[in-house]
> 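Okay, here's the structure, questions in a sec.
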Amino acid sequence: MKTNTIMWNKNRITELLGIEYPILQGPFGGGLSTVELTTTVSNLGGLGGFGAYTLSPQEIYDTHRAIQSKTDKPYNLNLWVSDHDIINEEHTKEQYQKAVETFKPYFDLLQTDIPSTPLPFESRFQNQLEVVLDIKPKVFSFMFGLLGENLIEDLHRQGTVVLGNATTLDEAIALEKTGVDVIVASGFESGGHRPSFLDSAEFSVTGTFSLIQLIKDKVKIPVVAAGGIANGRGIAGAFKLGADAVQIGTAFLATEESGALPIHKEFLFSEAARSTTLTRAYTGRLGRGITTKITRDVLAATEKTLPFPLQTHFMGALRKAALEQQKNDLVFFWSGQIAPLLKHKKASALMRSLIEEASELLQ
């Protein structure tokens, strides 16, 4: 790793977040984040991230303590403002019947029972927020909505830097008005869920490099480019267009330290990763992953799925059976469009490569 001081990595985001390099690791949800990955990135001068939206308050406490035991550097704790899309029980029953009709052939193929009607869902977000106010993380980010200005002021008073995620210019403007410190511009190329909140995700699909320029032209706070970045060239391109930092997801998801299954990582490094799809079929919310048979078959199943997160639970049995039977074409593996460029299987090697390549191109 180069030891000389490179100015690209000394800016208002590195100063604000207390990090050495303006490289953020995407905070994966659903068990894909790990303490090891988060702390590896933070210890090497970036900002590790941990997606906690599926965790109970106690699990968030425990995770925070575990991270602190391995690093004294800042990390990004991420939650979802909107953690469900459920309208009411009657509507859910109607959607359940449609989902059964749509996905029954796949359950039959795997000789797996269709899950019964899902139990009522209770949001965890308010209780999770209480934990954030208790543990006072250096960095807190949120997705799928806005936080109240009073809450953001409370977070600022306790010394927490607040990041909001935007998929459109209008969302970025709305976030800035609430007082967030940084906007993460999540482009169309990103893997995982599309964190749109002002309009349907299907209509919020601006590419990363366009989104950076649009946002930088209208807002004053720092902007992080997220989506389609996996190497130093991507970092350099984002910085040339005005980004103050980058957030990298798929490349870190593919490393040994992430919580992704071995077969998921294998797919990320395979030719299958050349094709990705945006679909609601697996979770009920629009997300990008590797194109497989099931995503091709039910790509337009928007009206035939349960609301998030009930669709996730509904598909859980099918996913489990497909993995056990090695019928991977019936599984949806999260991935961004940049996966074919992936090279590194260790987070430390990836981080060092990002720093070295960006330093050469931006010095």
Side-chain angles (χ1 to χ4, degrees), residues 28-32 51-60 79-129 143-145 192-197 200-202 259 261 263-264 277-334:
F28 317 121
L32 299 177
Y53 82 90
T54 60
L55 302 186
S56 68
Q58 186 59 52
E59 288 170 332
I60 295 175
L79 291 176
W80 291 14
V81 174
S82 170
D83 57 5
H84 70 89
D85 299 328
I86 301 163
I87 297 174
N88 56 50
E89 188 174 344
E90 193 59 38
H91 187 248
T92 298
K93 288 179 180 178
E94 293 174 5
Q95 291 174 295
Y96 173 76
Q97 292 303 323
K98 292 179 181 178
V100 169
E101 293 170 10
T102 301
F103 295 97
K104 186 177 186 301
Y106 304 103
F107 283 92
D108 291 345
L109 180 64
L110 296 168
Q111 298 182 327
T112 299
D113 292 336
I114 294 174
S116 57
T117 308
L119 296 172
F121 176 81
E122 292 186 11
S123 174
R124 294 176 173 177
F125 181 63
Q126 291 303 321
N127 289 336
Q128 292 171 328
L129 266 183
M143 302 162 62
F144 288 107
H193 287 102
R194 303 293 302 135
S196 307
F197 59 90
S200 168
E202 283 83 356
L261 294 173
I263 186 63
H264 187 166
T277 303
L278 281 169
T279 181
R280 291 180 180 265
Y282 247 82
T283 70
R285 278 187 176 171
L286 194 69
R288 183 178 296 283
I290 295 173
T291 306
T292 56
K293 172 179 169 53
I294 195 166
T295 57
R296 287 186 186 278
D297 291 352
V298 297
L299 179 61
T302 302
E303 300 301 321
K304 301 176 182 178
T305 58
L306 285 159
F308 179 88
L310 304 183
Q311 181 72 10
T312 307
H313 299 306
F314 179 79
M315 296 295 283
L318 188 148
R319 182 177 186 275
K320 182 175 184 292
L323 289 169
E324 289 174 349
Q325 297 175 36
Q326 298 184 346
K327 294 181 178 177
N328 298 318
D329 220 23
L330 298 181
V331 182
F332 189 54
F333 299 109
W334 299 118

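Remember, predicted model here, so these are calculated numbers, not experimental data.
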> Do side-chain atoms of Thr92 reach the backbone of Glu90 as a donor and acceptor pair under 3.5 angstrom?
no
> Return the minimal non-hydrogen interatomic distance between Ile60 and Gln128, and the atom names on each side.
CD1-CG, 3.8 Å
> Do the side-chain N and O atoms of Asp329 and Thr292 include a donor-acceptor pair separated by under 3.5 angstrom?
no
> May I ask you to decide if Arg124's main-chain N or O and Asp83's side chain share a donor-acceptor pair within less than 3.5 Å?
yes
> Taking salt bridge (Lys or Arg N to Asp or Glu O under 4.0 Å) as the test, write out the residues that go with Glu101, two or more places apart.
none
> I'd like to know if the side chain of Thr102 and the backbone of Lys98 have a donor-acceptor N/O pair within less than 3.5 Å.
yes
> Take Arg194 and Glu202 through the test salt bridge (Lys or Arg N to Asp or Glu O under 4.0 Å) and record every step on the way to the result.
CA-CA 9 Å; Arg194 303 293 302 135; Glu202 283 83 356; over 6 Å; no
> Taking atom CD of Glu122 as the centre, report whether more than 12 heavy atoms of other residues, nucleotides or ligands fall under 6.0 Å from it.
no
> Check each of Leu330, Ile294, Thr283 against Met315 using the side chain to side chain contact (heavy atoms under 4.5 Å, CB included) test, and report the only one that passes.
Ile294
> Using every non-hydrogen atom in the two residues, find where Asp85 and Gly284 come nearest and quote the distance to one decimal.
OD2-O, 4.5 Å
> Under a 3.5 Å distance rule, please check whether Gln95 uses its side chain to pair with a backbone N or O of Leu306 as donor and acceptor.
no
> To the nearest 0.5 Å, what is the distance between CZ on Phe125 and CG on Asn127?
11.0 Å
> Would a 4.5 Å heavy-atom cut-off, applied to side chains only, mark Pro307 and His84 as touching?
no
> Quick one: does Phe107's side chain get under 4.5 Å of Asp113's, heavy atoms only?
no
> Testing the basics here: between Ser196 and Ala201, what is the closest heavy-atom pair and its distance to 0.1 Å?
OG-CA, 3.7 Å
> Just verifying a value: how many Å separate Arg319 CZ and Asn328 CG, rounded to the nearest 0.5 Å?
10.0 Å
> Mind checking whether Tyr282 and Thr305 have side chains closer than 4.5 Å, heavy atoms only?
no
> Name all residues meeting the side chain to side chain donor-acceptor pair (under 3.5 Å) criterion together with Glu89; count only those two or more places apart in sequence or in a different chain, and write none if there are none.
none
> Residues two or more places apart in sequence or in another chain: which of them pass ring pair (Phe, Tyr, Trp, His ring centres under 6.0 Å) with Phe333?
His264, Phe267
> Is a side-chain N or O of Glu324 found less than 3.5 angstrom from the main chain of Ala321, in a donor-acceptor match?
no
> Just wondering, more than 12 heavy atoms not from Gln58 lying within 6.0 Å of its CD?
yes
> CD of Glu59 to CG of Leu55: how many Å apart, nearest 0.5 Å?
5.0 Å
> Locate the shortest heavy-atom distance separating Phe144 from Val81; write the atom from each residue and the value.
O-CB, 3.8 Å
> Looking at every non-hydrogen atom in both residues, tell me the closest pair between Phe314 and Ile114 and how far apart they are.
CE1-CG2, 3.7 Å
> List the steps, then state whether side chain to side chain contact (heavy atoms under 4.5 Å, CB included) holds for Thr279 with Phe332.
CA-CA 10 Å; Thr279 181; Phe332 189 54; 3.5 Å; yes
> So do Leu318 and Lys327 actually touch side chain to side chain, heavy atoms under 4.5 Å?
no
> How are the rings of Trp334 and His193 set to each other: parallel, tilted or perpendicular (split at 30° and 60°)?
tilted
> Would Ser82 and Arg285 count as having a side-chain donor-acceptor pair, cut-off 3.5 Å?
yes
> Please round to the nearest 0.5 Å and tell me the distance separating atom CG of Leu286 and atom OG of Ser200.
7.5 Å
